[in-house]
Amino acid sequence: MQDTAKYLVHADITAEGIVERSDVVGAVFGQTEGLLGDELDLRELQDSSKVGRIDVEIDSQNGQSFGRITIATSLDRVETAILGAALETIDRVGPCRSTIEVRKIEDVRAAKRREVVERAKTLLGSAFDESMRSSSDLVKEVREAVRVEDITEYEGFPAGPRVADSDAIVVVEGRSDVLTLLQCGIKNAVAVEGTNVPEQIADLTESRTVTAFLDGDRGGELIRKELAQVGDIDYVARAPEGRSVEDLARHEVMAALREKIPYERFEEAKNVEEATENETAAEVDRRTEATASANVDSESGGDVATEQAGDTPESATAEADADELTGSPSDSGRPSSAGNGEAAEVEATDVTAAGASSARVTEERSDGNTADEAEASEASEASKNAETADNAETADREDTDEGTDNEGIPSRPDTLHGHTRAVVGEGSGRVRLLDAEYGVLSSADAEEAFELLVDAETVPAAVVVDAELDQRLLDVAAQRGVEHVVAASTGEFVKRPTSVRIRTVDQLLTPNEA
């Protein structure tokens, strides 16, 4: 019946109790019998195959039953509508009160028409692809086939047909890279077939303008270094980081070759990066050793001062405090009693020389003063001087602490590492433009990084920005000749210029510093 049905009657049933499928089917036949006459009686219609079987889906929950009734008919629209209305007269199913509501009457033929239309769309879009190709597609396919067939050999190595007579050549890694360039219309490419540059290719580079177009991985870097040693490189072009030349589309190949840079500039950029990293590491070691040495000297100075103190308790205490701050031992030959005023003067001079205070205390006592009075005066003056030295030394240490962190790295950002810590590591939300010696050319809020770089009168060597590096800022950095960009994070790049080295704060700083 489903194959010949024209309409499907969909009805929802709700019963105030638990009922089963047989109860619903019995109620439909029993309560519609004789209601519509013999011509529209359900049993008669089923016997004549004008009405299909009654499908019932019923479910019980919390003492109530819910379900759906589906009846397929081959009657016309009017008779189907009458049959649907008759279903809504059923008010009991078994012992329970119930409600039946016709949700919709579906035209099966309309559904089939929709399926026909959707399938026709699919067939029109896919089945005729090969037979409906334009003349331009045919020409393009033939040309690409010819380019691939044009691959030749130069001294036994895969090459394009123009390598032998061209003034400029493109050196790539393998045969598949040569095929990729041929498909892009570049016929002067030659492959070195591995990281070991053959002598024939090295000799060829001596007399041609050479562009090394290499993969963006370690293998490509090794080929570049060896080719620079045994041959001659004029320009360098790189595939995006982590990708190979053979995987690039036509527009990516052309973009990479357009952005090639002279080899001297490429090598300088590499040296600057290595020098920056070495300088940062050396600076860390130097500062750490200096801090450790200062701490050792300070501790040893305090011990010597304690051992070499005089007989007077007050003088020993004052001298030990001053020596411990300045790191210089006291004089063992200094007299402990104050029979004259010279002892206080010498002691004040020593404390002043240690950096404690610039005041020079000279206390003259008459010869008639007793030893007790001299001792008390000397102890008082020494205590004051030691207190002055303590305050001055504390101030000096605070100044030193402000300029040096726990690892001995200067917070004064005189390196790329220092600027990164100051701008990104501390979350300043700023951007700095730096010159070749990492001096600050200008700075602004991170949101103004693009305008600041565009309007900069002096082209910066590096940009440090506490924000995500996007394609827009990267493009203007490449156009202006910026060599280094350090950002809090990087976004997705459609193209990544090889002339700009990109690093994030996580790559440049250690986790403790970040």
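Keep in mind the model is a prediction, meaning the values are calculated, not measured.
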* **Heavy-atom donor-acceptor pair, Arg162 side chain to Asp165 backbone, under 3.5 Å** => no
* **Nearest-0.5 Å distance, CG of residue Leu453 to CD of residue Gln479** => 9.5 Å
* Salt bridge check: are Arg243 and Asp215 linked by an N-O gap of less than 4.0 Å? -> no
* To do: Please check if the side chain of Asp23 supplies one atom and the backbone of Glu20 the other of a donor-acceptor pair under 3.5 Å.
  => yes
* Sub-3.5 Å donor-acceptor pair from the side chain of Asp234 to the main-chain atoms of Val210, do we have one? -> yes
* Structure fact -> Scanning both residues in full, the closest heavy-atom pair of Ala202 with Val230 reads CB-O, 3.5 Å
* Mind listing the closest non-hydrogen atom pair of Arg480 and Ala456 along with its distance? => NH1-O, 2.6 Å
* Compare all side-chain heavy atoms of Arg503 with those of Arg501 and state whether any distance is below 4.5 angstrom. => yes
* Asked: In this structure, are over 12 heavy atoms from other groups packed under 6.0 Å from Asp38 atom CG?
  -> no
* **Residues Lys50 and Glu79 bridged, charged N to O under 4.0 Å** => no
* Any chance you could measure Thr205, atom OG1, to Ile169, atom CD1, to the nearest 0.5 Å? => 6.5 Å
* Structure fact -> Of Val486, Val465, Asp466, the one forming a side chain to side chain contact (heavy atoms under 4.5 Å, CB included) with Val423 is Asp466
* Should Ile151 and Arg175 count as side-chain neighbours, where that means a heavy-atom distance under 4.5 Å? -> yes
* Check ion pair Glu221-Arg218 (N to O, under 4.0 angstrom) -> no
* Asked: For Tyr7, is the NZ or CZ atom of Arg109 found under 6.0 angstrom from the centre of its six-membered ring and inside 45 degrees of the ring axis?
  -> yes
* Which heavy-atom pair separates Val245 from Thr180 by the least distance, and what is that distance? -> O-CG2, 3.7 Å
* Flag the pair Arg496 and Glu259 as a salt bridge only when some basic side-chain nitrogen lies within less than 4.0 angstrom of an acidic carboxylate oxygen. => no
* Candidate pair Val163 and Leu204, rule side-chain contact (heavy atoms from CB on, under 4.5 Å), full reasoning -> CA-CA 10 Å; Val163 169; Leu204 180 64; 3.9 Å; yes
* Identify the heavy atoms of Ala212 and Ile233 that sit nearest to each other, and give their distance. => CB-CG2, 4.2 Å
* **Flag, side chain of Asp445 to backbone of Glu447, donor-acceptor distance under 3.5 Å** => no
* Asked: So, for Ser65 and Val19, which heavy atoms are closest and what is the spacing to 0.1 Å?
  -> OG-N, 3.1 Å
* For residues Ser499 and Arg265, report the shortest heavy-atom separation together with the two atoms involved. => CB-NH2, 4.3 Å
* **Backbone N/O of Thr504 and side chain of Gln507: donor-acceptor pair under 3.5 Å** => yes
